[in-house]
Every structure is written in C-alpha cells, then in structure tokens.
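Here the structure is laid out as structure tokens; the discussion comes afterwards.
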Amino acid sequence: MNAPLAPAPAEMPADLPPTTVVVGHPLIQHKLTLMRRSRTPANEFRLLLREISMLLAYEVTRDMPTELIEIETPLTTMQAPVLAGKKLCLVSVLRAGGGILEGMLEILPAARVGHVGLYRDPVSLQAVEYYLKLPRDISERTAIVLDPMLATGNSAAAAVSEVKAAGCQSIKFVCLIAAPEGLRTLHEAHPDVTVYTAAVDSHLNDHGYIVPGIGDAGDRIFGTK
Ligand SMILES: O=P(O)(O)OC[C@H]1O[C@H](OP(=O)(O)OP(=O)(O)O)[C@H](O)[C@@H]1O
Ligand SMILES: O=c1cc[nH]c(=O)[nH]1
Ligand SMILES: [Mg+2]
C-alpha cells in the first residue's frame, strides 16, 4: 500500500469541496512552516514562496496531455512524448499573486500571463477590482489563477469570473493556504474550478484573516508593513 505523501494536519476539516487538492509533499510542508514564522524576513519569504510555487506547478500540470513525436537521439530515432493540447495562461491576482507567478514561470516559461488587480475592502471583505489585462487568446488556453491566500474566497471568485468573462472555459486555481470558508465560496460560485493548495487552515478571524495563516501575504512579500 502506498503511504500518503505527508500526514494530514490534525485540524484539517473533513467536509472540503471535492474540487480541493491538498498538496501534502514534505518539501512543501517544510517550506510553508518556515514561511508561517512571523520572524521570517521578506527576502526569505519571497524565496520560499518561489520554491513552493515551482513544486505546486509540478502538481497542477500533472494531468497535462502529451503526444508522441518522432525525434532523433544521437543513436537512433524514437517516439518521444511532448506536451499537447491546450496551452497555458497564468493569471496573477495582484499584488500577492506575483509571488507565485515567479516560481510558476520558471517551470512553465512558455505560458502567457494575465493580471487581475484586486484588493479586499477591509470592512465589507468584498473584492474591489482596479486592473485587468488578459491575453487575447485566453479562450483557447487553460488558465491557472494564482493567489497565495484563499480567505473568504471573494477575491478568487471575482478573478475566476473575469477569466470566464474573457471566454476561458478551463480554469484551475493555485494558492498556498486556503480557509474552509473560501474553498466553499469558490466552489459554490465556480464548481468547475479545481483548487490546488499547500494547506487548509482552521478558520477566518473577525477581520477575515486566515488562522493560523501567514498574515498579509502582500505585505510579507513586499515588506510593506
Ligand atoms: O479570499 P479573500 O477574503 O478575498 O482574501 C484573499 C485576498 O487578500 C489578499 O489580497 P489583498 O486584498 O490583501 O491585496 P494585496 O495583494 O494587494 O495585499 C490575497 O492576496 C487575496 O487576493
Ligand atoms: O490571511 C489573509 C487573508 C487575506 N489576505 C491575506 O493576505 N492574508
Ligand atoms: Mg494584502
């Protein structure tokens, strides 16, 4: 019998939407623990996020189709696999999505990139959009929407809605930490979107922050607090 990649944290809620993929790889879990520490400085935080993003890229692309082409090695010809099917578009939710985008682009250098600028109103916790730029051919691509934090889920749902409004029908969402509330909200709004996350934390506090979480992802990446 195969052992699980990493033990599930004891407090992981059992009733997660079926579209949730928790990437429990020990390397990711170790690096995430370093990121959570409040004394980890911005430069280390950014580097760890970049490294985890590369590992998440591996998981989110696991089902990408391949086809065989004929190539010549120095010894002979052979049928060898290459990526086939829809090309990718990475969609970064500003600001903090940029931290994941960097690592993903290392693994997926040919991907197109879109940006959705959103901030969360601190009182209503609703997402407020201030920027949108998506590739023209996004309807022909699989979009991977990137944001480290899925808290209430309002920002993720709004970003996915914009990608859908641009005609894209194949969408995945990648984050670092999700709250159960956010997973449920995103699933209700967009049941067709699979969420890849390194962790599902306990709950949201009264200000909509994920507990135990990592704090404000944008501020920790850019050192703005
Ligand atoms: O699930 P939600 O409740 O919508 O919260 C998550 C959002 O909050 C953070 O962004 P923030 O609004 O802090 O903007 P920033 O990236 O510019 O700091 C985070 O990067 C998400 O976009
Ligand atoms: O915990 C949280 C919630 C929303 N946004 C963040 O950056 N962190
Ligand atoms: Mg922020």
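Whatever order the structure lists them in is the order used to number ligands and atoms, beginning at 1. What's counted below: heavy atoms across the whole structure, side chains too, no hydrogens, waters or symmetry copies.
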Self-check item: Partner of His187 by side chain to side chain donor-acceptor pair (under 3.5 Å), out of Thr20, Asp192, Thr19
Solution: Thr19
Is it the case that over 12 heavy atoms from other parts of the model lie below 6.0 angstrom from the [atom1] atom of [X]?
X: Lys87; atom1: NZ; value: no
X: His203; atom1: NE2; value: yes
X: Gln169; atom1: CD; value: no

Practice problem: Measure the shortest side-chain to side-chain distance between Asp216 and Tyr209 over non-hydrogen atoms and say whether it is less than 4.5 angstrom. | Solution: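 Of all side-chain heavy-atom pairs linking Tyr209 with Asp216, at least one is under 4.5 Å.
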Quiz item: Measuring from the heavy atoms of Pro148, does anything fall under 4.0 Å of ligand 1?
Solution: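 So Pro148 does not count as touching ligand 1.
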Practice problem: Look at ligand 1 and say whether Leu125 reaches it with a heavy atom at a distance under 4.0 Å. | Solution: no
Quiz item: Judging by distance only, is a nitrogen or oxygen of Gly218 under 3.5 angstrom from one on ligand 2?
Solution: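 So ligand 2 has no N or O lying under 3.5 Å from an N or O of Gly218.
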Quiz item: Under 3.5 Å between some N or O of ligand 2 and some N or O of Met149?
Solution: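 In fact, backbone or side chain, Met149 has no N or O that close.
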Exercise. Run down the list Gly99, Ser155, Ala127, Pro122 and name the one with the heavy atom closest to atom 4 (O) of ligand 1.
Key: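 Among Gly99, Ser155, Ala127, Pro122, the closest heavy atom to atom 4 (O) of ligand 1 comes from Ser155.
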Of all the atoms in ligand 1, which lie at a distance below 4.0 Å from a heavy atom belonging to [X]?
X: Ala96; value: 16 (O), 20 (O)
X: Asp216; value: 13 (O), 18 (O)
X: Tyr119; value: 12 (O)
X: Thr152; value: 1 (O), 2 (P), 3 (O), 4 (O)

Is the shortest distance from a heavy atom of [X] to ligand 2 less than 4.0 Å?
X: Gly208; value: yes
X: Ala96; value: no
X: Arg220; value: no

Quiz item: Can you tell me how far NZ of Lys31 sits from CG of Leu48, rounded to the nearest 0.5 angstrom?
Solution: 6.5 Å
Quiz item: CG/Leu55 to CD1/Ile107 distance, rounded to the nearest 0.5 angstrom?
Solution: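 Leu55 CG to Ile107 CD1: 8.0 Å, rounded to 0.5 Å.
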[X] N/O under 3.5 Å from ligand 1 N/O:
X: Gly153; answer: yes
X: Tyr130; answer: no
X: Asp219; answer: no

Quiz item: Is any NZ, NE, NH1 or NH2 atom of the basic residue among Asp137 and Lys86 found under 4.0 Å from an Asp or Glu carboxylate oxygen of the other?
Solution: no
Quiz item: If you measure from the Lys or Arg side-chain nitrogens to the Asp or Glu carboxylate oxygens, is any gap between Arg184 and Glu181 under 4.0 Å?
Solution: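 Salt bridge absent between Arg184 and Glu181.
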Quiz item: When hydrophobic residues are tied together by side-chain contacts of less than 4.5 Å, even through go-betweens, does Leu146 share a cluster with Leu132?
Solution: no
Practice problem: Would you confirm whether Arg120, through its side chain, and Leu125, through its main-chain N or O, come within 3.5 Å as a donor-acceptor pair? | Solution: no
Quiz item: Is it true that a side-chain atom of Gln29 and a backbone atom of Ala198 form a donor plus acceptor pair closer than 3.5 Å?
Solution: yes
Below 4.0 angstrom from a heavy atom of [X], which ligand 2 atoms are there? Numbered from 1 as shown, please.
X: Gly215; value: 1 (O), 2 (C), 6 (C), 7 (O), 8 (N)
X: Ala151; value: 3 (C), 4 (C)
X: Ala217; value: 6 (C), 7 (O)

Quiz item: Given that the side chain starts at C-beta and the backbone is N, CA, C, O, which of these parts of Ala151 lies under 4.0 Å from ligand 1, counting heavy atoms, or is it both or neither?
Solution: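 Under 4.0 Å from ligand 1, Ala151 contributes backbone and side-chain atoms.
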